[in-house]
2 protein chains.
Amino acid sequence: MADSNNKDTVKKILDVAESLFAQKGFRETSLRTITSKAGVNLAAVNYHFGSKEQLIQAVFARTLTPFCDALEKRLIEHVHSGEKHYTLEELFDVLVLTAAQVYGGDVSRFTLFMRLLGLAYTQVQDHLRAFLSENYGSVFKRILVHIKMAAPDMPPKELFWRIHFSLGAAVFTLSSYETLREIMAEDYQVNISLDGTMKRLIPYMASGIRADVID
Amino acid sequence: MADSNNKDTVKKILDVAESLFAQKGFRETSLRTITSKAGVNLAAVNYHFGSKEQLIQAVFARTLTPFCDALEKRLIEHVHSGEKHYTLEELFDVLVLTAAQVYGGDVSRFTLFMRLLGLAYTQVQDHLRAFLSENYGSVFKRILVHIKMAAPDMPPKELFWRIHFSLGAAVFTLSSYETLREIMAEDYQVNISLDGTMKRLIPYMASGIRADVID
DNA sequence: GTATGTTTTAATCAAGCGTTTGAATTATTT
DNA sequence: AAATAATTCAAACGCTTGATTAAAACATAC
């Protein structure tokens with residue numbers, strides 16, 4: 001079993017696929033482009049992953065699994081610690097911190113992945129949606145519980161909407177981060193960081209969620 | 001010149017293409033699917049529009065042109081009227097009203113188009129981005145001016161970010177409106193309307209944009 | 001050093017794509 | 001009614017796609 005070479009090929013494919021999927025989308029990235037750019041044979045994808053669909057899922061799992069595990073651990077620990085509920089800002093901070101921890105400072109890979117997450121919402125990949133909800137749905141539900149504790153006075157329906165508004169703001173912004181960065185540099189002569197962008201998102205989302213309910 | 005039949009074919013193609021593009025994306029919708037569903041010949045697209053790319057642009061133009069014209073007219077009129085600047089809420093209301101006017105109550109077509117707008121951001125279609133910015137960039141800039149008047153104390157960079165956060169919230173929410181509606185009905189036994197959703201977006205975005213700047 | 005299982009390779013397959021073509025059909029003009 | 005222009009049609013073209021195959025190369029174990 002040539003494990004060293006094996007892992008090389010698998011990793012090379014995952015790296016290139018992640019990058020190309022984020023740049024072009026799933027459908028518009030061919031296995032030929034991936035394998036040639038990774039310097040491996042065309043058949044390697046089907047050999048190591050089974051199919052293109054399973055490669056897509058593997059790309060998500062590689063990042064999502066450690067992130068969700070780390071996040072779940074933090075959330076559970078906080079409940080067990082007996083400390084006060086998170087505020088919205090604290091909760092969002094935990095998300096950002098956990099993301100930073102998992103990515104270990106590799107900003108461009110993080111933005112790449114946020115783009116992928118955005119694509120997962122907008123591109124038709126039924127197998128992906130099923131895969132994500134099956135494997136990571138429970139963590140999402142756990143976050144929901146913490147948001148509800150942070151905004152106890154908000155009517156549940158209203159809260160539901162505003163969480164989705166926030167999700168949209170975050171996914172949309174982070175997935176088009178590279179473009180926005182360029183515009184920012186051109187129009188405002190300012191270089192912004194990903195960290196800074198996420199920090200800016202937090203007060204926006206928190207304030208939006210807490211807005212007065214008119215109804 | 002068989003104009004009546006011509007317009008029929010053109011309209012049939014546009015209707016079907018709009019719907020399919022919104023459901024599946026541009027790349028994953030083939031001309032064969034469009035033409036067969038529209039009941040016209042495969043070659044009709046290339047005959048009437050020139051290419052698939054130009055068909056995509058035509059789908060956007062059909063809705064965007066009347067919308068932007070109507071919006072521009074309203075904004076200019078308000079400036080000339082000498083009344084006070086719009087508040088953020090009033091400005092967003094104008095956007096919603098104009099959209100409703102252009103769509104004339106056809107909610108499903110409106111949400112369809114919002115999905116398309118979301119796709120335009122996330123799918124790689126350089127020709128589309130160029131087409132949109134060339135034809136509708138001036139209207140976008142005009143809206144920016146009004147937002148700046150509505151939030152005069154906000155530092156321009158911060159405002160820039162928050163506008164994009166809001167754009168993300170709106171596009172994301174409205175483009176997945178149908179799905180959210182189903183979840184809402186299931187989990188909360190409530191039927192929500194598109195109008196109601198947009199109305200809910202307004203205080204969220206306005207409050208988010210006005211959040212305290214920490215810097 | 002031979003045997004065994006794993007990985008890589010090049011070639012090929014069937015299917016789907018956007019586009020083009022030239023003839024047939026339909027509508028308009030004279 | 002004849003001539004002309006616009007539209008529709010079926011068929012084909014060249015190309016790219018994901019997947020499969022059988023042979024070659026490689027690593028590991030005995």
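Each chain gets a letter, A, B and so on, in the order its sequence line appears, and its residues count up from 1.
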Checking [X] now: which residues fulfil side chain to side chain contact (heavy atoms under 4.5 Å, CB included) with it, not counting sequence neighbours?
X	answer
B/L88	B/F92, B/I147, B/A150, B/A206, B/I209, B/R210
B/V79	B/H146
A/A22	A/L112, A/R115, A/L116

Qualifying salt bridge (Lys or Arg N to Asp or Glu O under 4.0 Å) pairs, either residue in residues 38-57 of chain A, two or more places apart: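 Checked against salt bridge (Lys or Arg N to Asp or Glu O under 4.0 Å) - neighbours excluded - no pair reaches residues 38-57 of chain A.
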Whole angstrom value for the distance that separates [atom2] of [N] from [atom1] of [X]:
X	N	atom1	atom2	result
B/I13	D/dC9	CD1	C1'	13 Å
B/N41	C/dT25	CG	P	14 Å
A/K12	C/dT8	NZ	P	8 Å

N/O (side chain, B/H48) to phosphate O (OP1/OP2, D/dT8) under 4.0 Å: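 Answer is yes, contact under 4.0 Å.
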Between B/T9 and D/dT8, does any side-chain N or O lie under 4.0 Å from OP1 or OP2?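 Yes, because at least one side-chain N or O of B/T9 sits under 4.0 Å from OP1 or OP2 of D/dT8.
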Between the protein and nucleotides 13-19 of chain D, which nitrogen or oxygen pairs come in under 3.5 angstrom?
residue	atom	partner	partner atom	Å
D/dT17	OP1	A/S30	OG	3.3
D/dG18	OP1	A/K52	NZ	2.7
D/dG18	OP2	A/L31	N	2.9
D/dG18	N7	A/R32	NH1	2.7
D/dG18	O6	A/R32	NH2	2.8
D/dA19	OP2	A/N46	OD1	3.3
D/dA19	OP2	A/K52	N	3.2

Just checking B/A44: base, sugar-phosphate only, or nothing, at a heavy-atom cut-off of under 4.0 Å?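 Answer is nothing: B/A44 stays at 4.0 Å or more from every strand.
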From the options D/dT7, D/dA10, C/dA10, select the nucleotide whose nearest atom is closest to the side chain of B/Y47.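 In terms of side-chain proximity for B/Y47, the closest of D/dT7, D/dA10, C/dA10 is D/dT7.
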Does a side chain donor of either A/Y136 or A/T65 reach within less than 3.5 Å of an acceptor in the other side chain?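 Looking only at side-chain atoms, A/T65 and A/Y136 do form a donor-acceptor pair, the distance falling under 3.5 Å.
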Could you give the side-chain donor-acceptor pairs of residues 33-40 of chain B under 3.5 Å, partners two or more places apart or in another chain?
residue	atom	partner	partner atom	Å
B/T33	OG1	B/S30	OG	2.8
B/T35	OG1	B/L31	O	2.7
B/T35	OG1	B/R32	O	3.3
B/S36	OG	B/R32	O	3.2
B/S36	OG	B/T33	O	3.3

